Amino acid sequence: MSAASTIESIETTTEVSTGPGTAPGVREGAFGNARSLLCRECGHEVELGPSYACPECFGPLEVAYDFPAVTREEIEGGPRNIWRYKALLPVPTDIEESPNTEPGFTRLLEAGNLGRALGISKLWVKDDSTNPTNSFKDRVVACALSAARELDAKVFACPSTGNLANAVAAAGARAGMKTVVFIPSNLEKPKQVNSAVYTDSLVAVEGNYDDVNKLAQEIAAEEEGWAFVNVNVRPFYAEGSKTLGYEIAEQLGWRLPDQVVIPVASGSQLTKVHKAFQELIKLGLVEEKPYKIFGAQANGCSPVSTAYKAGVDAIRPVKPDTIAKSLAIGNPADGIYVLDIARETGGAVEDVTDDEVREGILLLARSEGVFTETAGGTTVAVTRKLVQTGQLDPEAETVIINTGMGLKTLDAVSDQVGPAATIKASYSAFVGTGIA
Ligand SMILES: *Cc1c(COP(=O)(O)O)cnc(C)c1O
Ligand SMILES: [Zn+2]
């Protein structure tokens, strides 16, 4: 060992008492209170940077923190968006100064009518359809955008089942970054348009999401300076979903619900809501208590629920065939962790048919005035099935997450609803309909 490197290593060990810190070339504080990227499989820690797979075992990396003391008052005094939780996210303290889409702090609706219809006595809907591009994906993209900036990325990109492309395209436009989004070519028209309005680089790929994802991995490996939000900056992206968990607890009056039902595509959101609850307990922001986490899938793409029901640990990839396109990931990256969490907490993973998904959309619309997309229809229908099969306790406080907006998947229900009558503009014609 040379003298120079000895000095360097001494400096490093005295200075960095808290762990690996940020990668070379990244400014101090770029990731707030985050300490490192930690392998979920073997616990190996690496520096905060554009890494997503463990160099030791290829396991997925997740952001680890050295949290300071955080109080409810500090959070409550923050902005009415996800940055109120910035101390718990991998973002800098001056995050509010950079243009972003400021998602989050969406309403938690008390859903008495839906509860009565489902036979659940205390039910809430966390309604994420009101985010800037009308899905929960704005949360994860806001965190990914911060990471992309700090890592000096030139292009902001993603492979997407639809909603992610909408969120990336919008956030990239607002940030003034070059944005390229990749989608399966058979995606619903409204979701295509909802990306193309923000970017002239929407790429439709012949194939399903898993094909699109593979292509993105290839581009990420070949091209310099591309931040694929859910590939090479995935650890930072994924943390954004924690804010759903924080908000549910805060909006319930700083306590955890007994049961939560969450739709599952890659499984990232579900695992992060659990992580959020665990962090709130560790930080003393909520009282520790048991809670159950349930996953919802459509049975045309239900690799996680299939593994759950079979009682196995391995997920067998499937070829998706369902109207719930936002959940159509046949090879879910976080599927095995969803299984762990559902089993550990006493929850379950369940799936429903496309017809039940449609019924779920109409049930939520007609009971609570909330128009959800197919993913939300899946969640409502799975919740109903969980009650009917005795897997969900109808007396326990339950929150279901509406992750998206019905206007993006109009075709799913457009054959089932429409005018009750088409009439001449006359009173007698109206009386003739029998509606009055
Ligand atoms: C992406 C998406 C999900 C699932 O998210 P994962 O974190 O990949 O499991 C659920 N609902 C909607 C509307 C989505 O767009
Ligand atoms: Zn590892």
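In this text the structure is predicted, and so the values were computed from the model without any measurement. Counting starts at 1 for both ligands and their atoms, in listed order.
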Contacts table for residues 51-60: side-chain donor-acceptor under 3.5 angstrom, sequence neighbours left out:
none

query: When you check the space around the Zn ion (ligand 2), which protein N, O or S atoms turn up under 2.8 Å?
result: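 Near the Zn ion (ligand 2), the protein supplies Cys39 SG, Cys42 SG, Cys54 SG, Cys57 SG.
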Can you see whether [X] engages [Y] through a side-chain donor-acceptor pair at a distance of less than 3.5 angstrom?
X: Gln269; Y: Thr403; value: no
X: Asn166; Y: Ser195; value: yes
X: Tyr85; Y: Glu247; value: no
X: Lys126; Y: Thr106; value: yes

query: For ligand 1, which atoms have a heavy atom of Gly267 less than 4.0 angstrom away?
result: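 Going through ligand 1 atom by atom, the ones under 4.0 Å from Gly267 are 6 (P), 8 (O), 9 (O).
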task: Identify, by atom number and element, the atoms of ligand 1 in contact range of Ser268, meaning under 4.0 Å from any of its heavy atoms.
output: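 Listed by number with element: 6 (P), 7 (O), 9 (O).
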- prompt: Does any N or O atom in Glu373 lie less than 3.5 angstrom from one in ligand 1, N or O only?
  reply: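 There is no such contact.
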- prompt: Has ligand 1 got any nitrogen or oxygen that is less than 3.5 angstrom from a nitrogen or oxygen of Gln269?
  reply: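 Yes; the residue has a nitrogen or oxygen that sits under 3.5 Å from a nitrogen or oxygen of the ligand.
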message: What verdict does the salt bridge (Lys or Arg N to Asp or Glu O under 4.0 Å) test give for Lys154 and Glu224, after you've listed the backbone C-alpha separation in whole Å, the side-chain angles of each residue and the deciding distance to 0.1 Å?
response: CA-CA 8 Å; Lys154 302 289 174 282; Glu224 278 284 306; over 6 Å; no
message: As a quick check of understanding, evaluate salt bridge (Lys or Arg N to Asp or Glu O under 4.0 Å) for Asp258 and Lys289, giving each step before the final call.
response: CA-CA 8 Å; Asp258 299 318; Lys289 63 168 260 196; 2.6 Å; yes
Distance from [atom] to nearest protein heavy atom, with residue and atom:
atom: atom 14 (C) of ligand 1; value: Lys137 NZ, 2.9 Å
atom: atom 12 (C) of ligand 1; value: Thr403 OG1, 3.3 Å
atom: atom 6 (P) of ligand 1; value: Ser266 OG, 3.4 Å
atom: atom 4 (C) of ligand 1; value: Ala265 CB, 3.5 Å

When the side chains of residues 329-341 are checked against the rest of the protein, which donor-acceptor pairs come out under 3.5 Å, sequence neighbours left out?
| from | atom 1 | to | atom 2 | distance (Å) |
| --- | --- | --- | --- | --- |
| Asp334 | OD2 | Arg234 | NH2 | 3.1 |
| Tyr337 | OH | Glu41 | OE2 | 2.5 |

field: Closest non-hydrogen atom pair between Ala87 and Val70, with its separation
entry: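 Heavy atoms of Ala87 and Val70 come nearest at CB-CG2, 4.2 Å.
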- request: Would you confirm whether Glu188, through its side chain, and Pro190, through its main-chain N or O, come within 3.5 Å as a donor-acceptor pair?
  value: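 Not a single qualifying donor-acceptor pair exists.
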task: Just let me know how Leu327 lines up against ligand 1, side chain, backbone, both or neither, with a heavy-atom cut-off below 4.0 Å.
output: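 For Leu327, only side-chain atoms sit under 4.0 Å from ligand 1.
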- prompt: Which part of Asn163 is near ligand 1, with near meaning a heavy atom under 4.0 Å away: side chain, backbone, both or neither?
  reply: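 The part of Asn163 near ligand 1 is the side chain, not the backbone.
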message: Please confirm whether Pro263 approaches ligand 1 to less than 4.0 Å, judged on its heavy atoms.
response: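 So Pro263 counts as touching ligand 1.
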Pairs meeting criterion ring pair (Phe, Tyr, Trp, His ring centres under 6.0 Å) with involvement of residues 24-46, two or more places apart: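 Only Phe31-Phe236 qualify under ring pair (Phe, Tyr, Trp, His ring centres under 6.0 Å).
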